[in-house]
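Shown next, in structure tokens, is the structure this report addresses.
One-based numbering along the sequence shown. Side chains included, hydrogens not; waters and symmetry mates left out as well; all remaining heavy atoms used. It should be emphasised that the depicted structure is a prediction, and the values quoted were computed from it without experimental measurement.
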Amino acid sequence: MSDGSIESQAERQRERDAWSSPWYPALCFLVAMPIEIWCWWKAPFMQLGWQVVLGLTIVIAAVPWIGSRQHRADSETLRRHPARFGFLLPALLLHAGMAALYGPYWNAGREAGDGSITINRLLGALLDRQAMATMLVEAAARPDDRSLEIGFLLRLGADANAADARGRHPLDVVADGTSLDRLLDTGAVRHSAAIGRTLIVLAREGDTARLVRLLALGVDADATDPDGDAGYTAAHEAAYSGHAETLRALLAAGADPDRRDAHGKTVTDRAGDDPDLLAVLAEFDRRLPVPASGAAAVE
């Protein structure tokens, strides 16, 4: 019988040596595909991109096993040839390209409904300026460094001075210094009364340089956080946090040291007995005595 011939045995041996058994598609669809699905599930901001790459990967991986009816012999040779693994190279390159394009935003969509950048949202926002403004405000409001995300949206045409549907501008909600720099460097100037929240955050951190940049735009130094304590200003926060230079910058910009917060405390009350803070307050209110330890600072 031909099945037992030396040629047939040699052919089967070549197939085994070339690993042309079902292991190849099994590895592709039982190992690679679950990894693909996991990546898609964990990074929903790449939904559209991963769907495209996933489809192309399946096609590329299946090519050696589909074959050609017109060239059966060639198809069989291809399935036996170790070079068939080269079909995975384009798939790997596709994934590398996807990672390079969307990699900085890997953590952007971990929580459902967090308003993160998603490719699906982004495609719609390219045709809707209001949606783009909303995405920029959401990115600015995040507490960690979102300068990459903000820069990405700005390069796609987002307006740093546009407001979202609630009337909030990026400067009103920005919660990170690096993100604030990115917005200011790209010409962000418009703001609303809600910018008091940003001033208070900077005052709490003692970030005088960035605070001065905001005040130079004509921002009201006595602006308050609309969602916070009534009357509580950045000057109250600077005094409470012990940042004398930050307090000086706010008072120089017109902050009222006699303004009372919701607890009836003035900026002077918040300063307590801190001689450096009291010395700064004495610079702008001659009614206050200059502390002995703060006299040098005033001079």
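When side chains are defined from C-beta on, Glu283 does not count as touching Leu251, because their heavy atoms never get closer than 4.5 Å. Leu247 has its side chain within reach of Leu281: a pair of non-hydrogen atoms, C-beta onward, lies under 4.5 Å apart. In this structure, Thr224 and Asp261 have side chains that are not in contact, with every pair of non-hydrogen atoms separated by 4.5 Å or more.
Taking both residues in full, the closest heavy atoms of Ala255 and Asp222 are given as CA-OD1, 3.5 Å, listed atom of the first, atom of the second, then distance. Summarising the geometry of Ser147 relative to Thr178, their closest heavy-atom pair is OG-CG2, 3.6 Å, with the distance given to 0.1 Å. In terms of heavy-atom proximity, His243 sits nearest to Ala203 at CD2-O, 3.1 Å. Taking both residues in full, the closest heavy atoms of Ala221 and Gly254 are given as CB-C, 4.4 Å, listed atom of the first, atom of the second, then distance. Taking each heavy atom of Ala165 and Thr134 in turn, the nearest pair found is N-OG1, 4.3 Å. The minimum heavy-atom distance linking Leu277 with Ala239 is given by the pair CD1-O, 3.2 Å.
Cluster annotation: Val219 is not connected to Val212 through the hydrophobic network of ILVMFWY side chains, with a link wherever side-chain heavy atoms come within less than 4.5 Å. Taken together through direct or relayed side-chain contacts under 4.5 Å among Ile, Leu, Val, Met, Phe, Trp and Tyr, Leu183 and Ile200 form parts of separate hydrophobic clusters. A continuous path of hydrophobic side-chain contacts links Val189 to Leu211 [ILVMFWY only; heavy atoms under 4.5 Å]. Val173 and Leu199 sit in two unconnected hydrophobic clusters of ILVMFWY residues. Membership requires side-chain heavy atoms under 4.5 Å apart, directly or through other members.
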Test side-chain contact (heavy atoms from CB on, under 4.5 Å) on Leu171 and Arg190; report intermediate values, then the result. CA-CA 7 Å; Leu171 288 183; Arg190 296 191 62 182; over 6 Å; no

Under the side-chain contact (heavy atoms from CB on, under 4.5 Å) rule, what do Val137 and His169 come out as? Steps first, then yes or no, please. CA-CA 6 Å; Val137 169; His169 297 82; 5.9 Å; no

Between Leu250 and Leu215, does a side-chain contact (heavy atoms from CB on, under 4.5 Å) hold up when you go through it step by step? CA-CA 8 Å; Leu250 288 162; Leu215 294 173; 4.2 Å; yes

From CA spacing to verdict: side-chain contact (heavy atoms from CB on, under 4.5 Å), Arg260, Lys265: CA-CA 5 Å; Arg260 296 184 181 276; Lys265 301 287 188 180; over 6 Å; no

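Salt bridge status for Asp176 with Arg142: absent, with no side-chain N to carboxylate O gap under 4.0 Å. Looking at Asp185 and Arg213, a side-chain N of the basic residue comes within less than 4.0 Å of a carboxylate O on the acidic one, giving a salt bridge. No salt bridge links Arg168 with Asp172; every basic N to acidic carboxylate O contact stays at or beyond 4.0 Å.
Atom CG of residue Asp181 and atom OG1 of residue Thr186 lie 10.5 Å apart, to the nearest 0.5 angstrom. Once rounded to the nearest 0.5 Å, the distance linking CE of Met135 with CD1 of Ile150 reads 12.0 Å. Expressed to the nearest 0.5 Å, how far CG of Leu136 lies from CG of Leu153 amounts to 6.0 Å.
Distance alone, capped at 3.5 Å, places no donor-acceptor pair between the Asp164 side chain and the Ala133 backbone. Gln130 places a side-chain N or O within 3.5 Å of a backbone atom of Ala163 that can act as its donor or acceptor partner. The closest donor-acceptor contact from the side chain of Ser192 to the backbone of Ala194 lies under 3.5 Å. In this structure, the side chain of Ser241 does not engage the main chain of Ala238 through any donor-acceptor pair within 3.5 Å. Not a single donor-acceptor pair under 3.5 Å links the side chain of Arg248 to the backbone N or O of Val280. No donor-acceptor pair under 3.5 Å is formed between the side chain of Arg270 and the backbone N or O of His236.
For Arg204, the salt bridge (charged side-chain N to carboxylate O under 4.0 Å, His left out) partners at least two apart in sequence or on another chain are Glu237. Partners of Asp159 according to the side chain to side chain contact (heavy atoms under 4.5 Å, CB included) rule, which considers only residues two or more places apart in sequence or in another chain, are Arg129, Asn161, Ala162.
For the 3.5 Å distance criterion, the side chains of Thr246 and Thr208 qualify, holding a donor opposite an acceptor. Asp269 and Thr266 share a side-chain donor-acceptor pair at under 3.5 Å.
Here the rule is side-chain contact (heavy atoms from CB on, under 4.5 Å) with Asp207, and of Leu214, Val201, Leu180, Leu202 only Leu202 fits it.
Within a 6.0 Å radius of CZ in Arg259, more than 12 heavy atoms belonging to other residues, nucleotides or ligands are found. Counting non-hydrogen atoms of other residues, nucleotides and ligands closer than 6.0 Å to CG of Asp273 gives a total of 12 or fewer. Within a 6.0 Å sphere centred on OH of Tyr232, other residues, nucleotides and ligands contribute more than 12 heavy atoms.
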